[in-house]
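Following: one structure in structure tokens, then a few remarks.
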Amino acid sequence: MRLSEFFLPVLRETPNEAQIASHRFMLRAGMIRQSSAGIYSWLPLGYRVLKKIEAIVRDEQNRAGAHEVLMPTIQPAELWRESGRYDDYGKEMLRIKDRHGREMLYGPTNEEQITEIFRAAAKSYRDVPKLLYHIQWKFRDEVRPRFGIMRGREFLMKDCYSFDLDFESSKRAYNKMFVAYLKTFERMGLKAIPMAADTGPIGGDLSHEFIILADTGESEVFCHRDLMQMAVPQGVDYRADLQPIVDEWTSVYAAADEMHDPATCPVAEADLVSQRGIEVGHIFHFGSKYSKPMGLSVTGPDGVDTDVIMGSYGVGVSRLVGGIIEASHDDDGIIWPDSVAPFHVGIVNLKAGDADCDSMCADLEQKFRNAGLDVLVDDTGERAGAKFATMDLIGLPWQVVVGPRGLKDGQVEVKRRSEGERMALTPNAALDRVVSGTMLDPATTGLFPG
RNA sequence: CGGGGCGUAGCGCAGUCUGGUAGCGCACCGGUUUUGGGAACCGGUGGUCGUUGGUUCGAAUCCAAUCGCCCCGACCA
């Protein structure tokens, strides 16, 4: 991709409304633009990241055995009357009327919708267990949207729903999602802490929040230091018993500040870690909360009808874009993890128009692309300083600087964004260094061909 | 929903107190010299000062209403 042909409206100065790092950098790097309070447009750079995060979330859901559907953003009020939430949900729900005066709403979540779909299809105990998810825009009319994309009113969420015959089976679904979440966040370069949580308005009695650690996070979490070291399981067989993994992760103390009481905390002070974090996922087991009022039951092997046991499992996909930036940036800009970087490498042509520089850049671009990397070539006429500043701002993991000075000695320069120093290498060595140093994620490579 | 703040050019701001018809930096356009960490100079383009109403000979400035946005708190993926 050539920068001269791309749409990357970077801002040199920070818009007045942006207070936190992720919001500032997302605006400055031309990733998003605000439409109204808590509602944003995604520009090409931001959209690439959003799509890559979505792809990783999707991949882990699929691995865990969930099946993707796509439900509408607009739902009929009757559905929500069935569950009793039409009145309970309050002003956060955006209610609208269609031309016939029929009451509709812009979905803040989809329990009712999925329950309706499933109850129409599932009649027998043989129809469960099932896991269905979708990745769809939600709208919650927050009183106070803030922090840019982190707490918008419109946001992209992955929500998965489980359907089981009994608690034991439902617990297995819960465990699948628990483990899938550990893996999802790790793939994005994040340290996520699962924490026992209040069940909130969705209700139920088994619930965990997943908090990613970031110094600028909005809530404080306390946990045993062992949790920081704990390794995310690799090569998980989702058909196997996952209870030991969940037990391992939940046996260690972790609590949000409202749940944490220093007086009763079982962890010795020396072992207690206090960190700021951002909630990016939440899983609930809620039993028959929706199936019972909405009449979702199946006939058991004994011929007796029984309420289907459900759970729901959310990931804030758009919030993760901000969350990753909060967890990974410096004064100059964003530092993307390889898996979600909008481009893996940025080639800076210091003298666009110079035949040698141009052809070296074109050659490198082609070779990087052949290796499966996404490449952005700055072929604009900007001055060197401005190009470097832009590259640092948009945070591509690698920068390759091609200039007449280096080319004279047959060299280009390679900079790892996270480390900062530049090293002079031959073009082939640079290629090697970058390609071998990039962890390509199977779910996000090739997502943006060309 | 309680408390606070702000709306003046694409972005950052001054001007408002004390009314006299809008300015600075960056960006943008043209030119010259430059060119390896956000160049310098010269010359330009761009704003019904959020909106509506009022006071006044005259309103960015005073008054009223209204809309929008941000921050702190309570609430949330």
Side-chain angles (χ1 to χ4, degrees), chain A residues 9-20 23-24 27-28 30 33-39 53 57 89-93 107-110 135-160 181 185 197-202 207-212 218-219 256 258 277-284 312-323 332-333 348-354 357 378 380-393 399 401-408 411-413 415 420 422 424:
Chain A
V10 298
L11 302 175
R12 192 162 163 175
E13 287 174 276
T14 302
N16 172 263
E17 71 269 17
Q19 298 298 320
I20 65 162
H23 193 195
R24 287 201 311 268
L27 288 171
R28 286 195 52 210
R33 284 295 180 265
Q34 185 171 44
S35 169
S36 58
I39 303 179
I53 290 173
V57 171
Y89 215 93
K91 290 187 169 174
E92 273 197 1
M93 185 151 72
T109 175
N110 289 68
I135 299 173
Q136 177 64 290
W137 293 92
K138 305 292 189 292
F139 194 91
R140 292 184 191 173
D141 201 357
E142 299 275 350
V143 205
R144 192 188 155 206
R146 64 187 124 161
F147 304 145
I149 224 66
M150 299 264 287
R151 184 171 310 173
R153 291 193 292 171
E154 187 182 55
F155 58 96
L156 188 62
M157 181 164 95
K158 184 284 301 181
D159 38 324
C160 181
Y181 279 25
F185 300 129
D198 265 341
T199 49
I202 292 183
S207 172
H208 283 88
E209 287 178 358
F210 285 75
I211 309 280
I212 57 166
E218 41 180 335
S219 54
E258 69 272 13
I278 300 163
E279 182 184 352
V280 291
H282 205 154
I283 60 180
F284 301 90
S312 81
Y313 314 89
V315 170
V317 176
S318 49
R319 174 180 280 189
L320 273 166
V321 181
D332 297 325
V348 178
N349 186 341
L350 283 181
K351 197 168 184 184
D354 174 89
C357 288
D378 187 345
T380 66
E382 284 295 319
R383 301 171 64 83
K387 291 187 173 190
F388 296 144
T390 298
M391 273 301 166
D392 286 348
L393 173 65
Q399 297 172 14
V401 180
V402 176
R405 215 159 76 188
L407 282 191
K408 218 173 292 168
Q411 292 191 316
V412 298
E413 286 160 39
K415 170 174 155 178
R422 273 205 217 134

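- Nearest heavy-atom pair across A:Cys357 and A:Asn349 is CB-OD1, 3.3 Å.
- In this structure, the CZ atom of A:Arg153 is 16 Å from the C1' atom of B:A77, given to the nearest Å.
- Looking at the side chain of A:Lys415, the nearest of the listed nucleotides B:G73, B:C76, B:G37 is B:G37.
- Residue A:Lys91 places at least one side-chain N or O under 4.0 Å from the OP1 or OP2 atom of B:C1.
- Taking atom C1' in both B:U35 and B:G12, one finds a spacing of 27 Å when rounded to whole Å.
- The side chain of A:Pro15 approaches B:G12 more closely than any other nucleotide in the set B:C76, B:G12, B:U34.
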Requested in this report: Please assess A:Leu407 against A:Val412 for the test side-chain contact (heavy atoms from CB on, under 4.5 Å), listing each intermediate value before the final yes or no.
Outcome: CA-CA 6 Å; A:Leu407 282 191; A:Val412 298; 4.2 Å; yes

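- A heavy-atom distance below 4.5 Å is found between the side chains of A:Ser36 and A:Arg153.
- The nucleotide B:G30 finds its pairing partner in B:C42, both defining distances of the Watson-Crick or G-U wobble pair being shorter than 3.5 Å.
- In the interface, the side chain of A:Glu382 is not paired with the base of B:G38 through any donor and acceptor atom under 3.5 Å apart.
- Of the possible donor and acceptor atoms, one in the side chain of A:Arg319 sits under 3.5 Å from a partner among the backbone N and O of A:Met150.
- Here the nucleotide nearest the side chain of A:Val143, chosen from B:C11, B:C1, B:G37, is B:C1.
- As rounded to the nearest Å, B:A14 and B:U8 have C1' atoms that lie 10 Å from one another.
- Not a single donor-acceptor contact under 3.5 angstrom links the side-chain atoms of A:Arg146 to the base of B:G73.
- In this structure, A:Gln19 and A:Phe147 have side chains that are not in contact, with every pair of non-hydrogen atoms separated by 4.5 Å or more.
- Residue A:Gln34 places none of its side-chain N or O atoms closer than 4.0 Å to OP1 or OP2 of B:G68.
- Figure legend. B:A14 is base-paired to no nucleotide; pairs are counted as Watson-Crick or G-U wobble with both atom distances under 3.5 Å.
- In this model, the phosphate group of B:G10 is not approached by any side-chain N or O of A:Arg33 to a distance below 4.0 Å at OP1 or OP2.
- In this structure, CZ of A:Arg28 is placed 12 Å from P of B:G12, rounded to the nearest angstrom.
- Within the 4.0 angstrom heavy-atom criterion, no nucleotide atom of any strand lies near A:Leu11.
- Within 4.0 Å (heavy atoms only), A:Thr390 reaches at least one base atom of the nucleic acid.
- Nucleotide B:C1 forms a Watson-Crick or G-U wobble pair with B:G73, both donor-acceptor distances falling under 3.5 Å.
- Between B:G10 and B:U45, the two C1' atoms lie 13 Å apart (nearest whole Å).
- Remark: B:U61 base-pairs with no nucleotide; criterion is Watson-Crick or G-U wobble with both hydrogen-bond distances under 3.5 Å.
- Across all strands, A:Gly406 comes closer than 4.0 Å to base atoms (heavy-atom distances).
- The side chain of A:Phe284 has B:A77 as its nearest neighbour among B:A77, B:G36, B:A74.
- B:C71 atom C1' lies 13 Å from atom NE2 of A:His23, rounded to whole Å.
- At whole-Å resolution of the value, CG in A:Asp378 and C1' in B:G37 are 13 Å apart.
- Stacking is found between A:Phe155 and the pyrimidine-like six-membered ring of the B:A77 base under the 5.5 Å centre-distance and 30° plane-angle cut-offs.
- Rounded to a whole angstrom, the distance from the P atom of B:A9 to that of B:A22 is 15 Å.
- Going from atom OH of A:Tyr181 over to atom P of B:A77 covers 12 Å, rounded to whole Å.
- A donor-acceptor contact closer than 3.5 angstrom links the side chains of A:Asp392 and A:Gln399.
- Among the nucleotides B:A77, B:G25, B:A74, the one closest to the side chain of A:Glu13 is B:G25.
- Using a 4.0 Å heavy-atom distance criterion, A:Gly353 is classed as making no nucleic acid contact.
- Partner assigned to B:C6 is B:G68, using Watson-Crick or G-U wobble distances below 3.5 angstrom.
- Although no hydrogens or angles enter the test, the distance criterion places a donor-acceptor pair under 3.5 Å between the side chain of A:Arg33 and the main chain of A:Leu27.
- Nucleic acid contact for A:Gly314: none, since no nucleic acid atom lies under 4.0 Å from a heavy atom of the residue.
- Crowding of A:Lys415 atom NZ: a count of heavy atoms from other residues, nucleotides or ligands under 6.0 Å exceeding 12.
- B:U18 and B:U61 are spaced 14 Å apart, taking the P atom of each and rounding to whole Å.
- If you check every strand for non-hydrogen atoms under 4.0 Å, A:Ala384 touches sugar and phosphate atoms only.
- For the C1' atoms, the distance linking B:A74 with B:G4 amounts to 16 Å, nearest Å.
- Backbone-only contact: A:Gly385 has heavy atoms under 4.0 Å from sugar-phosphate atoms and none from a base.
- In this model, the phosphate group of B:C13 is approached by a side-chain N or O of A:Asn16 to a distance below 4.0 Å at OP1 or OP2.
- Counting only heavy atoms from C-beta outward, the side chains of A:Met391 and A:Asp378 approach each other to under 4.5 Å.
- Heavy atoms of A:Val317 sit nowhere under 4.0 angstrom from any nucleic acid atom.
- As rounded to whole Å, 13 Å separates atom C1' of B:C69 from atom CG of A:Leu27.
- Spacing of C1' atoms, B:G20 relative to B:U16, comes out at 14 Å, to the nearest Å.
- Residue whose closest nucleotide on RNA chain B sits further toward the 5' end, between A:Phe147 and A:Arg319: A:Phe147.
- Taking only side-chain atoms of A:Arg140, from C-beta outward, the nucleotide of B:C76, B:C71, B:G38 with the closest atom is B:C76.
- Annotation: B:A59 and B:G53 have their C1' atoms spaced 13 Å apart (nearest Å).
- You'll find a donor-acceptor pair under 3.5 Å spanning the side chain of A:Arg151 and the base of B:C75, going by distance alone.
- To the nearest angstrom, C1' of B:G36 lies 8 Å from CD of A:Glu413.
- Taking 4.0 angstrom as the limit, A:Arg12 places none of its side-chain polar atoms (N or O) nearer than this to OP1 or OP2 of B:G38.
- Between A:Phe210 and A:Val315 the shortest side-chain heavy-atom distance does not fall below 4.5 Å.
- A:Ala37 comes within 4.0 angstrom of sugar-phosphate atoms only, judged by non-hydrogen atoms across all strands, and of no base.
- Between A:Gln19 and A:Glu279, the residue anchored nearer the 5' end of RNA chain B, judged by the nucleotide with its closest heavy atom, is A:Gln19.
- Taking atom NZ of residue A:Lys351 and atom P of nucleotide B:U34, one finds them 12 Å apart after rounding to whole Å.
- In this structure, A:Pro404 reaches the bases: a heavy-atom distance under 4.0 Å links it to at least one base atom across the strands shown.
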